[in-house]
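Down below is the structure, laid out as structure tokens.
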Amino acid sequence: MALSLAISPCPNDTFVFHALVHGQVPGAPPVEVTYADVDVTNTAAERGAFDLVKVSYAALPWLLDDYHLLPCGGALGRGCGPLVLTRGDRAGHTDLTGATVAVPGDRTTAYLLFRLWSADRPPARIEVVPFHEIMPGVAAGRYDAGLVIHEARFTYPRHGLTALVDLGEWWEADTGLPIPLGAILARRGAVDPEAAAGWIRESVRQAWADPTASREYVLAHAQEMEPDVVDRHIGLYVNEFTADLGEAGFAAVEALLGRATDAGLVPQTSSSRATAWTS
């Protein structure tokens, strides 16, 4: 039986999962992979659509009844947080009261962090916009600001935009913890989480052991991203937490969901529900 896997086409995901997707992990089943933006996979996971799936940490409160959180394969780190971008004529105006802000999904970690950051000064209007349309839309004046992730950290100046705030820097300064962005989940009853974690860790090990092996595959899905941006993307988002969340990683997840619950932004989630099989 093939394992259904959903990941994004971003370089960090294709780099990490190359060996697993291509049948190079001993003992792992064959994999049928779907590539989709995280806002799509968040919704699909609610339907139980995949055995293994990349989702936003912010979506966990709606998913942990049906999925195990795996301690590897995701995106969590330091210096890699979402950015709030605006045009140069709005630079320095951190008060977005009255503004229209484009965001990449209503259950993304980026948007949850934005809601926590802007709780005392929320914008007038939020629009969920496909990720690739956010920066051009802000540059054209369709939105006053835009919330972006991943490679936009490296490319936003090309659109004539300015970073209003780095939500990762804000989070790290406030908590001292890394920022939890994307999680890998295993569907309960469909795949053994301990086995799945082993497959993913071996895939990560192979990716680091021979980075050139996945190069063609990564670039094919990188959506016209230049090779140097691809390299910087992988270097930032594939890190020690990709191999193992560890104590700091799980503390970051607990802090994010705890603060969001206290603010009434997500349903109550027991941290033990997320980490039960790994504890």
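Using a 4.5 Å cut-off between side-chain heavy atoms of Ile, Leu, Val, Met, Phe, Trp and Tyr, with links allowed through other members, W170 and Y156 fall into different hydrophobic clusters. Both L5 and V218 are members of a single hydrophobic cluster when ILVMFWY side chains are connected at heavy-atom separations under 4.5 Å. A single hydrophobic cluster is not seen to contain both V40 and L63; linkage of ILVMFWY side chains at heavy-atom distances under 4.5 Å, directly or through other members, places them apart. A continuous path of Ile, Leu, Val, Met, Phe, Trp and Tyr side chains, each step under 4.5 Å between heavy atoms, connects L257 with I179, placing both in one hydrophobic cluster. Under a hydrophobic-cluster definition in which Ile, Leu, Val, Met, Phe, Trp and Tyr are linked whenever side-chain heavy atoms come within less than 4.5 Å, directly or via other members, V148 and L181 are assigned to different clusters.
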Full working for side chain to side chain contact (heavy atoms under 4.5 Å, CB included) between L245 and L76: CA-CA 8 Å; L245 286 177; L76 187 147; 3.8 Å; yes
Side chain to side chain contact (heavy atoms under 4.5 Å, CB included) between T155 and M135, worked out: CA-CA 10 Å; T155 61; M135 289 191 292; 3.6 Å; yes
Test log, rule side chain to side chain contact (heavy atoms under 4.5 Å, CB included), inputs W117 and V165: CA-CA 10 Å; W117 171 77; V165 63; 3.8 Å; yes
Side chain to side chain contact (heavy atoms under 4.5 Å, CB included) between H159 and V138, intermediate numbers included: CA-CA 9 Å; H159 296 265; V138 175; over 6 Å; no
Working for salt bridge (charged side-chain N to carboxylate O under 4.0 Å, His left out), residues R153 and D166: CA-CA 10 Å; R153 293 187 64 88; D166 183 324; 3.1 Å; yes
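Ring-plane geometry between H233 and H150 is classed as tilted, the angle between the planes lying from 30 to 60 degrees on a 0 to 90 degree scale. Classification of the H18-Y217 ring pair by plane angle, with boundaries at 30° and 60°, yields tilted.
Closest heavy-atom contact between W62 and P267: CZ2-CD, 3.4 Å. Here the shortest heavy-atom pairing between V191 and A196 reads CG2-CB, 4.0 Å. Of all heavy-atom pairs spanning L177 and A251, the tightest one is CD1-O, 3.7 Å. In terms of heavy atoms, P178 sits closest to A252 at O-CB, 3.2 Å. Closest approach of P9 to D37, counting heavy atoms only: CD-OD1, 4.4 Å. When all heavy atoms of L60 and A183 are compared, the closest pair comes out as CD2-CB, 4.4 Å.
The side-chain heavy atoms of P82 and F114, taken from C-beta on, include no pair separated by under 4.5 Å. For the pair Y35 and I7, the minimum side-chain heavy-atom distance is below 4.5 Å. Using a 4.5 Å heavy-atom threshold, the side chains of W199 and P29 count as touching. Side-chain contact check for E46 versus Y67: every heavy-atom pair is 4.5 Å or farther apart. Contact check for F131 versus I149: side-chain heavy atoms found under the 4.5 Å cut-off. No side-chain heavy atom of P123 sits less than 4.5 Å from a side-chain heavy atom of T100. Contact of the V53 side chain with the I184 side chain is not registered, since no non-hydrogen atoms from C-beta on lie closer than 4.5 Å. F241 is not listed as a side-chain neighbour of C72, based on a closest heavy-atom distance of 4.5 Å or more.
Here the NE2 atom belonging to H68 is positioned 4.5 Å from the CZ atom belonging to R188, to the nearest 0.5 angstrom. Considering OG1 of T261 and CG of L256, their distance stands at 9.0 Å, rounded to 0.5 Å. Here the OH-CG distance, from Y57 to L69, works out to 5.0 Å after rounding to the nearest 0.5 Å. In this structure, the separation between CG on L185 and CG on L64 is 7.0 Å, given to the nearest 0.5 Å. To the nearest 0.5 Å, the span separating NE2 on H221 from OG1 on T14 amounts to 7.0 Å. In this structure, R115 CZ and D106 CG are separated by 8.5 Å, a value rounded to the nearest 0.5 Å.
S203 contributes a side-chain N or O that, together with a main-chain N or O of L20, makes up a donor-acceptor pair within less than 3.5 Å. No side-chain donor-acceptor contact under 3.5 Å links T86 to the backbone of T162. In this structure, E172 contributes its side chain and G79 its backbone to a donor-acceptor pair below 3.5 Å. Between the side chain of S56 and the backbone N or O of A58 there is no donor-acceptor pair closer than 3.5 Å. Side chain of D66 to backbone of G48: no donor-acceptor contact under 3.5 angstrom is found. Under the 3.5 Å distance criterion, the side-chain polar atoms of D210 are left unmatched by any main-chain donor or acceptor of A207. When atom types are taken as modelled, the side chain of T41 and the backbone of V38 share a donor-acceptor pair closer than 3.5 angstrom.
With salt bridges taken as basic N to acidic carboxylate O contacts below 4.0 Å, one links R215 and D231. Between R125 and D144, no side-chain nitrogen of the basic residue sits less than 4.0 Å from a carboxylate oxygen of the acidic one, so the salt-bridge criterion is not met. Classification of D51 and R187 as a salt-bridged pair holds, one side-chain N sitting under 4.0 Å from a carboxylate O. Using a cutoff of 4.0 Å between basic side-chain nitrogens and carboxylate oxygens, R158 and E226 are scored as salt-bridged. With salt bridges taken as basic N to acidic carboxylate O contacts below 4.0 Å, one links D244 and R201. Using a 4.0 Å cut-off between a side-chain N of Lys or Arg and a carboxylate O of Asp or Glu, K54 and D13 qualify as a salt bridge.
Applying the ring pair (Phe, Tyr, Trp, His ring centres under 6.0 Å) test to F50 and every residue at least two apart in sequence or in another chain returns nothing. Partners of R259 according to the side-chain hydrogen bond (donor to acceptor under 3.5 Å, both in side chains) rule, which considers only residues two or more places apart in sequence or in another chain, are D174.
With L147 as reference, L167 is the one residue of L85, L83, L164, L167 to meet the side-chain contact (heavy atoms from CB on, under 4.5 Å) rule.
The environment of D228 atom CG is dense: over 12 non-hydrogen atoms of other residues, nucleotides or ligands sit within 6.0 angstrom.
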